Each structure stands twice: as C-alpha cells, then as structure tokens.
Engineer: 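This is the structure I want to talk about, given as structure tokens.
In what follows, chains carry the letters A, B, and so on, assigned in the order in which the sequence lines appear, proteins first and then strands, with residues in each chain numbered from 1. All of these numbers come straight from a predicted model, not from anything done at the bench.
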Number of protein chains: 2
Amino acid sequence: MESRSRPVTLRMIADEIGVNVSTVSRVINASDTEARRWASGEVIERIRAVVAERGYQRNPQAASLRTRRSGLVGVLVPRLQDYVLATIYEGIEEAATEQGISTFVTNSLDVPANQIARTEIMLSRRVDGLIFGDAHTGEPFLDELAERGVKFVLVSRRAGNHVSATCDDVMGGRLVAEHLLASGRRDVGVLAGQPYASTGIDRTAGIVQACRDAGIDIPPHRIVQGGFDAPGGHEAAAQMIEAGGCPDAIFAANDFAAIGAMGVLRERGISVPDDVAVVGYNDTPLAAELPIPLTTVRSPMHEMGRRGLDLLVALLRGDEVESVRLAPELVVRASSAAAPSKM
Amino acid sequence: MESRSRPVTLRMIADEIGVNVSTVSRVINASDTEARRWASGEVIERIRAVVAERGYQRNPQAASLRTRRSGLVGVLVPRLQDYVLATIYEGIEEAATEQGISTFVTNSLDVPANQIARTEIMLSRRVDGLIFGDAHTGEPFLDELAERGVKFVLVSRRAGNHVSATCDDVMGGRLVAEHLLASGRRDVGVLAGQPYASTGIDRTAGIVQACRDAGIDIPPHRIVQGGFDAPGGHEAAAQMIEAGGCPDAIFAANDFAAIGAMGVLRERGISVPDDVAVVGYNDTPLAAELPIPLTTVRSPMHEMGRRGLDLLVALLRGDEVESVRLAPELVVRASSAAAPSKM
DNA sequence: CTGAAAGCGCTTACAG
DNA sequence: CTGAAAGCGCTTACAG
C-alpha cells in the first residue's frame, strides 16, 4: 500500500510559475478585486490555474502559527446524546463550515470540574473562541474566563451578561400556561429541569407568572427539579405524584422528561390526557410519533446554533454584539386535549 | 477588557532557566525514565518546575508543522442527531482525549457527495486519519481513499475489507428471531433500514436466516427499507401493512424506527403486543420509558466508538490491526409479550 | 507590481 | 548531557 503523498505547498506553486511565494500567498488570500493590487492580471491568472490544477490546499497549522489565529472554535455541551444539544451543534457546525472555521465539541456532563478542564484543553489547542451550551447560573467560571480575556458566547442557556443566543423560554412557559388554562386545567405541575440551567428556570418562571396572572398559584410542591432526560423526568414526576397526588397538567421543561413522566403515568394507570395533560418542550421528532402524541413548544434549535457561531465570529472580529433571543412556538397535540368535564 | 495574554513558549522557559530550547523540548516530550538520557537530574527538575509554574502548554500547530502529525482525527457520521451515532461519537471522543488526540465531527446525512466533500475538508485540515460511521456498501469512495493511502477505520457499519469496529448485527437479528418464534409469532415483518447500511442488511439477514432455520420463510413484501428514524419507521410500517396487512411481529432495525412503527399501529387501532409484537434495536434510553416499553437489542455503542479510535491509533502507528465485532444482547420488554392464543 | 527576509514555536539530526 | 542550527509552510512588514 502506497503512503499518502506529500501535500502541495506554496513553494511548489511558486517555483512552478517562477514567482516568489509571497506573491502566491497574497494572490491566494486576496479577493478577486483586491488581487489586482498585488499582482498583474497575467500572474494572477497563472497562479489560480496552477493552484486549481495541483489541488493546492493551504496548510492551516502553518498559517495559524504565523497569524496567531487558528480558525478553531471549541464547543462545550452537557451531552451530545441529548437531541437538543446535538441539533444546536449541527447549526454551529454548519455555520462554521460556511465560514471556513473548524469546531471541536466535547461533553461536560454539566459537571463544573469538567467544564473547567475541557475548556483548558480547548485553550491548549489554541481555539480562537468558545461556545458554551452548558452554562450554569451562579458559577463564577464564565466570569473568570471573560476576565482572562477569553472570547466566548453562550447558546441554549443564558448566564450573567455574557453574549448568548437563546430561545425566549419565559415566553415558552407562558404559551404553555395559556394553553393549559384555556383547556380547563387548573392544577399544574412543573418538571423544572436542573436548577442551574436558565432554560428550566425561565420556562418555569414563564408558566408560574402566566398562571398567577390568571389568578392561579402553583404551589412549591408542584415544582420539581430533575434531569432533562427520560429517567430524570420519570423520577421527578414520581416524586411530584408521591408528594401531592397527580395534578391535572404536567409541564416538563423538555420532551424527554415528558416521556419519562408519561412512563410513570402509564405505570400508575393514570390516563393522558383524560386525567392529566402532558406538555413537553423542544418539539423533538419523537413527540409526534409517540403512542400519545405530545404537545410541546417548538424552539429553533438549529437556528440558535447558527446564530451562536455568528455571534462568536462577530465578537472575534471585535464587533459590538447583542445577545439574540429567538421566539418559541406552541404545537398542540393529543397529550393535552381538553379534559372531559368532571362532575 | 484586557486582551488574552500571549501563551508561554518553549523559549521563555529555556531563557528563564538558562538552557537551550532543544533541551527543554526533549525533557518535556520524554517519559520520566528516558528524560535522564537527555538531561541531568537537576536540569530536568528545574524544567519541570518552571513548566508547571508558568503553565506552559505546547503549541500544537507549531509542533504539527514540524512533525507532520497533527494529532487530529476526522469523524464522519450520518447525523449527530441520531442518538446511536452521538453515543458512538462520545466513545470516540473519550478515547481520543485520553490519548491527547482531538477530533472533528461532521454530518454527511448519508449523502455520498457530502461524504466526499467533507472528507476533503478534513484532509485539508491535515487530519492524521478518519473514522467513518456512515460507510455505504457498494460505493467505491472508501476503496479510492484507501488507494490514496489515507488511513481510516469504520464504526457502526462494515464495508468491504476495511478495518471496522461493529456490533455483530447478524447475531442481533438471530436473537430477535429466536425470541419472537419462542413467543409464538409466525408472520414476521422487518423494517430493514437503508439498503446501503450494513447494520440494517446484517440485522435483516440474521432474522431471515434464523427464521428459515426454523422452517419459516419471510416473504419479500414483509421486508421494507426505510430511514433509521421515527418518520422512516412510520412510513415503512405503513407501507408494509398496506401491502399485506399487519404481521404478528415487526422487527425494526432501530429503536426510533420502531417508535415510528408504533405510531402507525396506534393510528390504525392495532394493539401492541396483543395483535403485533414490536422489537427495536440499540436499547435507547427511551425504549424503557415508552407507554409500551420496547423490546430491543442492546448494542455496545459507546464501546464501539472507543474501539474504533483505538484501531485507528494502532493503524497510524503502523500496526497490523484486525476488525472488532462486539456482541449484542436481547432485552425483552412488554412490546413483545407472548400473543394471547387465538382461536 | 514583485522579491527577499524575518519569524511564528516547535523538533530533531548533527556536533561536541 | 547540552547546544546551535536547520527547517516545517506559511504571512507580512519592508524595500524597490
């Protein structure tokens, strides 16, 4: 088996044409219009032809050594197994590729020690900037990073005053409240997710506020924290029902948690939506396929990733940037059909 | 806001101690034992102390320029949104981090043109090798890549004689057949997945063979191809039922496809497991939480990713390597409970 | 418009 | 055991 052939270098191109490497470098890195400032039309044409013919590809390591910019971005997510974060990452990666940027992703599992360690690894790889999908409220980590002059943006979750691309989760929570109240539900339980994630916090705040506006108070025992996955939702729902019986509506801050809750309800013979409405968040493709199709809030996950990358690029360019808040949309399905009127 | 401070270089360390950069380089890159061949105990100690104190981190771009090895690996998957591939990637990334290797992942969406284009991008980033989770049988692409001397391994799907880390999918299919036949099912339908993926091909071959061994032939109209996701399973199941009525067992080559199939059955009022048993593949965490818990085949996805990375590292080292085939395990749940005896 | 040179931060034969 | 030098492939002031 033959070994991989050595890549074409600038020098090879230059020698073949009989010009200096600096000229080739300038022409290659210039736009069509500004190239004329660096070389004669004939030389430009010749260079472009040979570059195409020989399949020249710039060596990014060499360029980065010289320019001190790597074209690399580090992305931290709680876990890529989570469909939501995987989708956000797809958006990031898509936008990055369009801009000629490469990304490294890694899982922090939402553990602060991992966040710190993974970030240092990213920095040692000389990333130009970072995108965090796992920001924790109340942790000093991101503030310290900003203090050090490291450039980063947040996606999915907000934190402090750091630049972020998120969904308007408070509004998402309000949409759910309005829908549930309109369909006759009065005893609303919330699976609030992790206490350090702005997503869960804001979605919970949204539904609580909107219910209060309608004169309904959600008592503390109806708000249970837990993981954003099926087992997490299972556990949280079980705990809620144990503590105060089953409410007539459950809002899970995440589709997977909603599925976990439906598991508990099935085990206990509680009927959805007759006894209890269930609403999720994110409109995962599974939501529509479930034996009981799930009402949920659609959030623009892919777009969020794209916008996050764009924000980071702007930041690295030195632009003044504003956080982005995208609008959610309620998708009503069978799991929250109006309750049969009782008594 | 202060700008990020310049990283510490070898030269700074060397100057501080008063030795040559080459000495520092040798000591840093040597193991504890071999360092003694390159420097006196005193110098070694001094270097290590200053490296730790100043927080020196090797510039990987500079090192790679010199050594012609980037420590970078490219990973192509159909789609990271797919839980199965996300999990395999987690294994890859985990093993890579342990070895000081960085990975780039990208989605090919199983489109051959994308596979080619993405691979070229990876190569232009100077990756040392590639891992493909999206191999297509019958496409010449991988053969051509091998011909060019590019180093790579496959995960999840086999193809040709290329080195791979996979699950024994034929055995997985056989396990399902034995279980279904033992619980009285006779008319078995298969949602076979994509025709170019060895996973679906092998799982189908396994169940077909095992049924034939038991004297039961699965007719062609009972084998339907389709996507490995919920919508794909939905469509394929609908097509199968349309063509020949509902079988008494459906084996989907993937849990998500199984969920899609359950959606069709629900719509048509067909009961699971009374009318039809449903079995999936991969034992996704959702499987256990579904309103009708799903019987499925557990495949060691995370381990597969780890083994794939290990294989690639061995290959890059020039070792002779053998493909790895991991064992699947059947997990029985409610969706395939024995049918009530009819008539 | 084009060239020659310096230098980014490393590693690694080659000397001694 | 340690140093001095070359060079990986680029980019970019500095000249002309």
Side-chain angles (χ1 to χ4, degrees), chain A residues 4-31 33-48 51 54-72 100 123-126 128, chain B residues 4-31 33-48 51 54-72 100 123-126 128:
Chain A
R4 182 133 56 114
S5 56
R6 281 278 196 77
V8 181
T9 66
L10 266 195
R11 168 154 298 287
M12 292 163 73
I13 305 279
D15 288 352
E16 184 166 334
I17 303 181
V19 296
N20 190 280
V21 288
S22 52
T23 303
V24 180
S25 174
R26 286 187 203 106
V27 170
I28 285 176
N29 293 317
S31 67
T33 53
E34 64 181 352
R36 310 213 58 93
R37 283 180 23 221
W38 298 122
S40 66
E42 192 190 4
V43 171
I44 293 174
E45 208 172 309
R46 194 96 186 72
I47 290 175
R48 293 211 206 276
V51 160
R54 305 286 308 267
Y56 170 77
Q57 307 256 49
R58 181 218 269 69
N59 181 321
Q61 277 83 25
S64 124
L65 184 58
R66 185 54 230 247
T67 61
R68 298 169 167 294
R69 300 193 69 255
S70 63
L72 260 23
L123 258 15
S124 79
R125 306 267 179 230
R126 302 303 198 267
D128 292 331
Chain B
R4 182 135 53 116
S5 56
R6 282 279 196 77
V8 181
T9 66
L10 266 195
R11 166 154 299 288
M12 292 163 75
I13 305 280
D15 287 352
E16 183 164 336
I17 304 182
V19 295
N20 191 280
V21 289
S22 53
T23 303
V24 179
S25 174
R26 286 187 203 106
V27 169
I28 285 175
N29 293 317
S31 66
T33 54
E34 63 181 354
R36 310 213 59 93
R37 282 180 24 220
W38 298 121
S40 66
E42 194 190 3
V43 172
I44 294 174
E45 211 171 308
R46 194 98 185 70
I47 291 175
R48 293 210 206 278
V51 161
R54 305 286 309 267
Y56 170 76
Q57 306 255 49
R58 181 218 273 61
N59 181 321
Q61 277 83 23
S64 125
L65 184 58
R66 186 52 232 246
T67 61
R68 300 168 167 294
R69 300 193 69 255
S70 62
L72 259 25
L123 257 15
S124 79
R125 305 266 178 230
R126 303 302 199 267
D128 292 331

Engineer: Could you tell me the separation between the CG atom of A:Asp15 and the P atom of D:dG9, rounded to a whole number of Å?
Structural biologist: 12 Å
Engineer: Return the minimal non-hydrogen interatomic distance between B:Ile13 and B:Tyr56, and the atom names on each side.
Structural biologist: CD1-CB, 3.9 Å
Engineer: Counting just side-chain N and O atoms, does B:Tyr56 come under 4.0 Å of either OP1 or OP2 of C:dC10?
Structural biologist: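 Checking C:dC10 against B:Tyr56, a side-chain N or O does come within under 4.0 Å of OP1 or OP2.
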Engineer: Would you kindly give the CD1-to-C1' distance between B:Ile47 and D:dG3, to the nearest whole Å?
Structural biologist: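 Rounding to the nearest Å, CD1 of B:Ile47 and C1' of D:dG3 are 13 Å apart.
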Engineer: Which atom names give the shortest non-hydrogen contact between A:Pro60 and B:Ser124, and what distance separates them?
Structural biologist: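 Heavy-atom minimum between the residues: CD-O, 3.3 Å.
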Engineer: State whether B:Asn59 places a side-chain N or O below 4.0 Å from either non-bridging phosphate oxygen (OP1 or OP2) of C:dC8.
Structural biologist: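 B:Asn59 to C:dC8 OP1/OP2: no side-chain N or O under 4.0 Å.
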Engineer: Taking only the side-chain heavy atoms of B:Ala62 (C-beta and beyond), determine which of D:dT11, C:dC8, C:dC10 contains the nearest atom.
Structural biologist: C:dC10
Engineer: Check every strand shown and say whether B:Ser22 touches a base, only sugar-phosphate, or nothing at a heavy-atom separation below 4.0 Å.
Structural biologist: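 Base contact - B:Ser22 has a heavy atom under 4.0 Å of at least one base atom.
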Engineer: Out of C:dC10, D:dC10, C:dG9, which has the shortest distance to the side chain of B:Leu10?
Structural biologist: C:dC10
Engineer: Please state whether the base of C:dG9 and the side chain of A:Arg68 form at least one donor-acceptor pair under 3.5 Å?
Structural biologist: no
Engineer: Can you tell me the Watson-Crick or wobble partner of D:dC14, both distances under 3.5 angstrom?
Structural biologist: C:dG3
Engineer: To the nearest angstrom, how far is B:Leu65 atom CG from D:dG7 atom C1'?
Structural biologist: 9 Å
Engineer: Atom CD1 of A:Ile13 and atom P of D:dT11: how far apart are they, to the nearest Å?
Structural biologist: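 From A:Ile13 CD1 to D:dT11 P: 13 Å.
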Engineer: Given C:dT2, is OP1 or OP2 found less than 4.0 Å from the side-chain N or O atoms of A:Asn20?
Structural biologist: no
Engineer: I want to verify a distance call: between D:dT2, C:dT2, C:dC10, whose nearest atom is closest to the B:Val43 side chain?
Structural biologist: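 Among D:dT2, C:dT2, C:dC10, the one nearest the side chain of B:Val43 is D:dT2.
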Engineer: Please state how far atom CD in A:Gln61 lies from atom C1' in C:dC8, giving the value in whole angstrom units.
Structural biologist: 14 Å
Engineer: Take atom CZ of A:Arg69 and atom P of D:dT11, then tell me their distance rounded to the nearest Å.
Structural biologist: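 The answer, rounded to whole Å, is 13 Å.
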Engineer: Taking atom P of D:dC10 as reference, at what distance in whole Å does atom CZ of A:Arg6 sit?
Structural biologist: 12 Å
Engineer: In whole angstrom, give the distance that lies between atom CD1 of B:Ile17 and atom P of D:dC1.
Structural biologist: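 Taking atom P of D:dC1 as the reference, CD1 of B:Ile17 is at 17 Å.
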Engineer: Where do B:Asp15 and B:Met12 land on the side chain to side chain contact (heavy atoms under 4.5 Å, CB included) test, with the steps shown first?
Structural biologist: CA-CA 5 Å; B:Asp15 287 352; B:Met12 292 163 75; 5.9 Å; no
Engineer: Determine whether any donor atom in the side chain of B:Arg26 lies under 3.5 Å from an acceptor atom in the base of D:dG3, or the reverse, and answer yes or no.
Structural biologist: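 By the distance-only test, yes, there is a pair.
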Engineer: To check you understand the geometry: which heavy-atom pair defines the closest contact between A:Ile17 and A:Arg46, and what is its length?
Structural biologist: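 Taking every non-hydrogen atom into account, CG2-CG, 3.6 Å.
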Engineer: I want to check something: taking the side chain as every heavy atom from C-beta on, are A:Arg125 and B:Asn59 in contact at a cut-off of under 4.5 Å?
Structural biologist: no
Engineer: Which of these nucleotides, C:dT12, D:dC10, C:dC8, is closest to any side-chain atom of B:Arg66?
Structural biologist: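 The answer is C:dT12.
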Engineer: Measuring to OP1 and OP2 of D:dG3, would you say a side-chain N or O of B:Thr23 lies under 4.0 angstrom away?
Structural biologist: yes
